[in-house]
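To start, the structure under review is shown below, and the notes come after it.
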Amino acid sequence: MSRLPPSESLCWRRLYTDACILYAVFRVSDSVQDDAAATEAIAILDRAIIIAGAPGRLDSIHQLIKNIQKNHLTLKPFRASSGHRQPLTQIYNSSAFSRSVPCIHPAPNAFGREWSQKPFVLQGHGCVQGWKALRSWASIDYLRSVAGPGRIVPVEVGKDYRTEEWTQRLMSWDCFLQSLDFPEHPAQPQNEVLYLAQHNLLMQFPALEGDIGIPEYVYACPDPPSCYPAYKPPGNADGLIINAWLGPRGTISPAHTDPFFNCYAQVVGRKTVWLAPPDVSDLMYPFDISTSDTIDKSHNPATNIAEPSMCNTSRVDVFPNSPEAEQASRDTFPDFWKEVPQKAMCMTLAPGDVLFFPPGWWHAMRSEETSFSVSMWF
């Protein structure tokens with residue numbers, strides 16, 4: 001299926017956005033005060049942001065949402081949680097990956113020349129910079145207050161996007177937050193794993209933007225890495241793509257590659273990262289169009305039908321959940337376990353840490369507790 005040219009795509013996104021605005025105004029124009037109508041109107045406006053990006057109308061939509069919330073809705077406090085925190089089960093850690101990611105603080109003016117070819121961690125960068133997010137984003141009350149009532153967000157449903165059971169849905173921001181474990185509000189019991197992943201939450205809730213800083217390295221314009229000469233920066237006006245990642249303990253992003261440089265900021269909770277260089281790609285057993293007929297290829301993002309050369313997700317679980325699972329993986333993917341561990345790196349990020357890595361590097365993530373992260377592709 002071919003993509004629309006950018007000009008046609010913009011036209012359709014603007015048309016969808018304007019239709020959402022008209023429908024939302026219609027829903028709240030009735031003189032009768034109706035919470036359900038106001039909530040539906042806000043959800044429609046959020047769809048314009050989430051689905052279309054609200055081109056040329058973003059500020060207007062933000063203001064319209066505020067007006068509807070002010071005139072029609074009240075942010076009601078959550079009921080006190082009746083549940084108790086469940087005892088945590090031990091997370092299995094493979095002993096195969098012993099190398100850590102270097103922790104350095106290169107000068108921004110030397111970054112592009114000397115330090116942009118390999119991963120490193122800026123330990124405590126957010127703490128030094130005084131990011132408000134390190135405190136406020138750990139509060140469920142704050143996260144509700146910056147959004148206001150009636151908001152919806154896109155979430156992934158399922159622990160691993162490589163499985164058939166994985167799907168996506170739009171759901172209430174409040175309901176999603178209740179599924180997570182916060183210091184002042186234990187998680188509500190859930191039958192499924194919910195993960196807000198790769199979503200520009202800072203665009204949708206702009207009050208969050210001032211809570212976190214963007215490292216200077218993002219604006220360094222580094223040259224394409226020798227191991228990834230096809231690199232091109234993001235094609236948007238800023239040359240920068242910012243996404244949020246918010247999920248519970250045990251949430252996993254399987255090993256995959258991205259085409260951009262990345263500054264990955266850990267804001268709330270701890271997250272373990274796994275990295276391996278591009279030269280191990282032949283050993284990563286990536287998905288491709290011929291992989292397992294049991295996978296719904298139109299549904300699963302790990303199998304890229306439109307551009308098979310862009311298949312960028314490994315079938316190997318670099319975070320096996322038990323010794324038995326690791327042994328089964330070793331039997332199924334012997335070349336990976338024989339060659340890759342010597343070149344891979346692994347480290348647990350703490351709040352305030354920023355991980356940098358170049359395009360083409362294989363990486364996987366695992367949340368050690370409720371985790372809020374921000375990726376900055378450049």
Side-chain angles (χ1 to χ4, degrees), residues 86-101 119 121 156-167 181 190-195 197-198 245 247-258 264 266 269-288 291-296 300-303 311-350 353 355 357 360-371 373:
Q86 298 296 318
L88 298 180
T89 57
Q90 183 70 32
I91 293 179
Y92 174 71
N93 289 294
S94 172
S95 60
F97 309 111
S98 58
R99 292 181 61 206
S100 186
V101 184
V121 171
E156 296 182 356
V157 183
K159 193 171 182 180
D160 188 334
Y161 69 67
R162 296 172 299 179
T163 64
E164 280 191 271
E165 294 77 20
W166 180 92
T167 188
D181 204 25
Q190 299 291 319
N191 295 323
E192 51 194 7
V193 175
L194 303 175
Y195 187 25
Q198 199 170 321
W245 310 76
R249 183 177 189 262
T251 304
I252 288 175
S253 295
H256 64 283
T257 63
D258 293 317
Y264 192 91
Q266 187 60 22
R270 295 173 300 118
K271 179 172 281 187
T272 297
V273 299
W274 178 96
L275 296 142
D279 62 16
V280 305
S281 292
D282 291 342
L283 304 168
M284 291 299 298
Y285 297 88
F287 281 86
D288 58 40
T291 301
S292 183
D293 292 336
T294 63
I295 293 175
D296 178 357
N300 192 299
T303 308
C311 295
N312 69 336
T313 300
S314 174
R315 291 182 284 146
V316 181
D317 289 323
V318 302
F319 296 123
N321 59 17
S322 68
E324 294 76 18
E326 179 175 336
Q327 186 57 54
S329 181
R330 287 177 178 273
D331 294 340
T332 307
F333 309 111
D335 292 344
F336 170 88
W337 290 99
K338 180 181 179 181
E339 302 290 343
V340 175
Q342 299 92 298
K343 296 185 176 183
M345 295 181 282
C346 203
M347 182 174 180
T348 298
L349 302 177
D353 289 348
L355 167 69
F357 57 94
W361 275 69
W362 291 89
H363 56 285
M365 313 280 186
R366 183 184 67 198
S367 298
E368 304 299 326
E369 52 211 8
T370 296
S371 171
S373 315

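Keep in mind it's a predicted model, so treat the numbers as computed, not measured.
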Val157 and Val193: side chain to side chain contact (heavy atoms under 4.5 Å, CB included), yes or no, with the steps? CA-CA 6 Å; Val157 183; Val193 175; over 6 Å; no

Between atom CG of Leu349 and atom NZ of Lys271, what is the distance when rounded to the nearest 0.5 Å? 8.5 Å

Under 4.5 Å between any side-chain heavy atoms of Asp181 and Pro248, yes or no? no

Pair Asp279-Lys343, side chain to side chain contact (heavy atoms under 4.5 Å, CB included): steps then yes or no: CA-CA 9 Å; Asp279 62 16; Lys343 296 185 176 183; 3.7 Å; yes

Of all the heavy-atom pairs spanning Phe319 and Val273, show the shortest one and how long it is. CZ-C, 4.5 Å

Under-4.0 Å salt bridge between Arg366 and Asp317: no

Distance-minimising heavy-atom pair for Ile91 and Ser367: CD1-O, 4.4 Å

State, to 0.1 Å, how close Ser100 and Met345 come at their nearest heavy-atom pair, and which atoms those are. O-SD, 3.7 Å

Nearest heavy-atom approach of Glu369 to Arg270 is OE2-N, 3.0 Å

Under the side chain to side chain contact (heavy atoms under 4.5 Å, CB included) test, which residues partner Gln198, sequence neighbours left out? Asn243, Trp245, Trp377

Check: Ser253 side chain, Met365 main-chain N or O, donor-acceptor pair, under 3.5 Å: no

Hey, does the side chain of Arg315 reach the backbone of Arg162 with a donor-acceptor pair shorter than 3.5 angstrom? no

Donor-acceptor under 3.5 Å (His256 side chain, Ala364 main chain): no

Rounded distance (nearest 0.5 Å) linking atom CD of Gln342 with atom CZ of Phe97: 10.0 Å

Tightest non-hydrogen contact, residues Thr251 and Tyr195, listed as CG2-CD2, 3.2 Å

Donor-acceptor pair, Gln266 side chain versus Gly269 backbone, under 3.5 Å? yes

Between the OG atom in Ser94 and the CH2 atom in Trp337, the distance rounded to the nearest 0.5 Å is 4.5 Å

Is there a donor-acceptor pair under 3.5 Å between the side chain of Arg249 and the backbone N or O of Glu368? yes

So, for Tyr285 and Asp335, which heavy atoms are closest and what is the spacing to 0.1 Å? OH-N, 3.2 Å

Student check: side-chain heavy atoms of Thr257 and Pro278 closer than 4.5 Å: no

From Leu283 atom CG to Trp362 atom CH2, the distance as rounded to the nearest 0.5 Å: 10.5 Å

